[in-house]
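Only one structure is covered here, and it is reproduced in the block below.
Since the model is a prediction, treat every value here as computed from it, not as a measurement. Lettering of chains follows the sequences in order, A, B, ..., and the numbering in each one begins at 1.
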Amino acid sequence: MSEITLVSKDGSELSLSREAADLSPVLRSMLSRPYLEEQQSKITLNEIKPDVLKKVVEYLEYCRQYRNAGEDEDIPEFEVPTEMSLELLLVADFLNI
Amino acid sequence: AAELLDRKTRRISTLQDICISLISSNISKLQKETSSSDETLSQQIRQTLGGISTENMNKLARTLSKNRALNDHTLQLFLRTDLESLTFHDCSKVSYEGYKLLAIFAPHLSELSLQMCGQLNNEALLYIAQKLPNLNALYLDGPFLINEATWDAFFALMKNKLKAFHISNTHRFTDHSLRSLLENCGESLVSLRLSRLDAVFDYSLVPQYLKNPSFEHLSLEYPNKEELVSDDIVIDALKQVGPSLKHLSLNGCFALTDETFISAKDALSSKNSSSSVLENLQLEELDQITTDGMVYFFSGIQLPNLKNCSLRRCFLLQDMAVSELFLNEASKSLTNLSLNSLKDVKGECFEAMECPKLKRLDVGFMGCVNDKLVKCLGERNPSLEILEVFGDNLVSRKAVIRPGLTVIGRQSDTL
């Protein structure tokens with residue numbers, strides 16, 4: 001499985017699996033259309049702060065891990081720090097996740 | 001949606017839901033801890049939740065509306081800011097207390113849009129009029145609790161202040177209320193929208209009172225009975241305000257015929273020229289206007305500023321009418337065009353089409369649209385970003401789509 005790199009506002013980079021990135025319809029279409037992103041497997045998200053983006057990556061990997069969990073398996077709660085909730089909500093809306 | 005059809009239930013909630021429940025629970029917690037009269041409550045809430053800039057406030061309002069999560073709790077986020085313009089797309093869960101809080105604690109608002117505001121009551125509307133000193137634009141959808149007496153009082157309070165008033169979906173806004181609006185605010189109004197008002201019968205009031213020489217926006221949509229908005233009424237209104245008009249919407253006024261557009265040709269242009277400043281023209285579902293009428297209209301007046309145009313479901317229109325639009329100066333400025341359901345258009349009109357600024361085009365439910373035309377539309381309109389082809393069964397997966405163009409609605413595409 002290939003790795004995708006996400007670049008945040010201050011230029012710092014975060015990587016996640018292609019499978020996890022595909023869970024966001026927005027990232028998926030950025031990666032599947034014949035855009036520049038396809039060749040580089042790198043997406044620049046200038047609007048998003050690094051700590052928020054880190055949480056997003058965390059959530060996508062969390063989803064990937066548990067989305068096929070069986071009926072009786074326990075899924076842990078996903079923790080979001082209170083002071084980030086507003087900003088994270090806007091970003092989640094943008095990424096449609 | 002795909003999961004729903006597959007009868008799978010999601011066990012992981014979306015990140016948006018997680019954030020919203022966190023926000024809501026924190027707001028209620030803070031509300032319990034501090035007394036409700038505490039001045040700093042909303043500031044404290046924003047501090048605890050990390051806060052966002054004023055520019056992002058309307059984005060936040062949209063996200064909350066989209067998730068149907070705007071209520072008296074989350075409303076707290078918007079209080080005590082210096083916001084001047086605020087749009088709530090879904091207020092169905094905001095109670096009249098919420099509106100009163102908004103009126104008291106957001107005093108800088110000049111433009112307020114409350115969609116689906118079913119719980120807005122008489123007291124709350126008057127509060128808004130009294131407590132917001134700068135308010136000059138109010139857009140309401142579904143304010144069905146407001147009665148005649150309150151409308152009277154509201155318009156009296158807003159006398160000569162109200163510049164824009166849009167109202168839709170209420171059966172309690174009557175002829176009397178319309179008269180009251182126009183008598184009190186007719187001179188200051190530059191923007192008026194009346195849509196789906198089942199108790200308004202006398203639309204002839206509108207042309208009588210519109211006198212502002214810089215009037216810009218007129219929408220008369222979906223009257224209770226089709227004959228209520230007649231050619232004469234629209235012609236009279238255009239004679240009053242035509243030369244300055246930037247937005248004209250006559251969606252669902254089924255009684256209108258070519259007569260309106262024969263007169264509109266002269267009414268929309270200023271004295272010494274044959275061009276109009278119109279930017280937005282919405283003529284959806286006018287099923288009596290003919291190709292000849294529209295050819296006469298589009299050939300007789302130049303619309304060099306026209307950006308948005310919808311001829312959706314004007315069933316009688318054929319190729320000549322659309323060709324004439326593409327020959328008009330409007331073709332250089334159009335960014336948004338809907339030709340949805342023009343079933344008699346055979347496709348020849350697209351041969352003359354060259355719209356350098358066009359970004360969105362809806363050609364849904366037009367039998368003539370096929371793979372070849374999709375390719376051609378992409379090539380001829382370099383700025384085109386979105387092409388809607390719902391119900392066009394000749395568009396297949398083989399269609400050649402240029403990079404940068406998104407085609408929506410092909411039968412062969414799956415989610």
Is the number of heavy atoms from other residues, nucleotides or ligands under 6.0 Å of [X] [atom1] greater than 12?
X         : atom1 : value
Glu47(A)  : CD    : no
Arg402(B) : CZ    : yes
Tyr96(B)  : OH    : no
Phe78(A)  : CZ    : yes

Gap separating the [atom1] atom of [X] from the [atom2] atom of [Y], nearest 0.5 angstrom:
X        : Y        : atom1 : atom2 : answer
Leu90(A) : Leu64(B) : CG    : CG    : 8.5 Å
Cys19(B) : Glu87(A) : SG    : CD    : 10.5 Å
Thr14(B) : Tyr59(A) : OG1   : OH    : 5.5 Å
Asp93(A) : Lys59(B) : CG    : NZ    : 9.0 Å
Leu86(A) : Leu60(B) : CG    : CG    : 5.5 Å
Ser85(A) : Ile18(B) : OG    : CD1   : 12.0 Å

*Interface residue of largest heavy-atom contact number with chain A, from Ile20(B), Thr63(B), Asp17(B), under 4.5 Å*: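 It is Thr63(B).
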_chain B contact via Pro25(A) - side chain, backbone, both or neither, heavy atoms under 4.5 Å_ =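 Neither part.
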*Options Leu89(A), Val56(A), Leu88(A), Val91(A), ranked by heavy-atom pairs under 4.5 Å with chain B, top entry*: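 Sorted descending by pairs with chain B, the first entry is Leu89(A).
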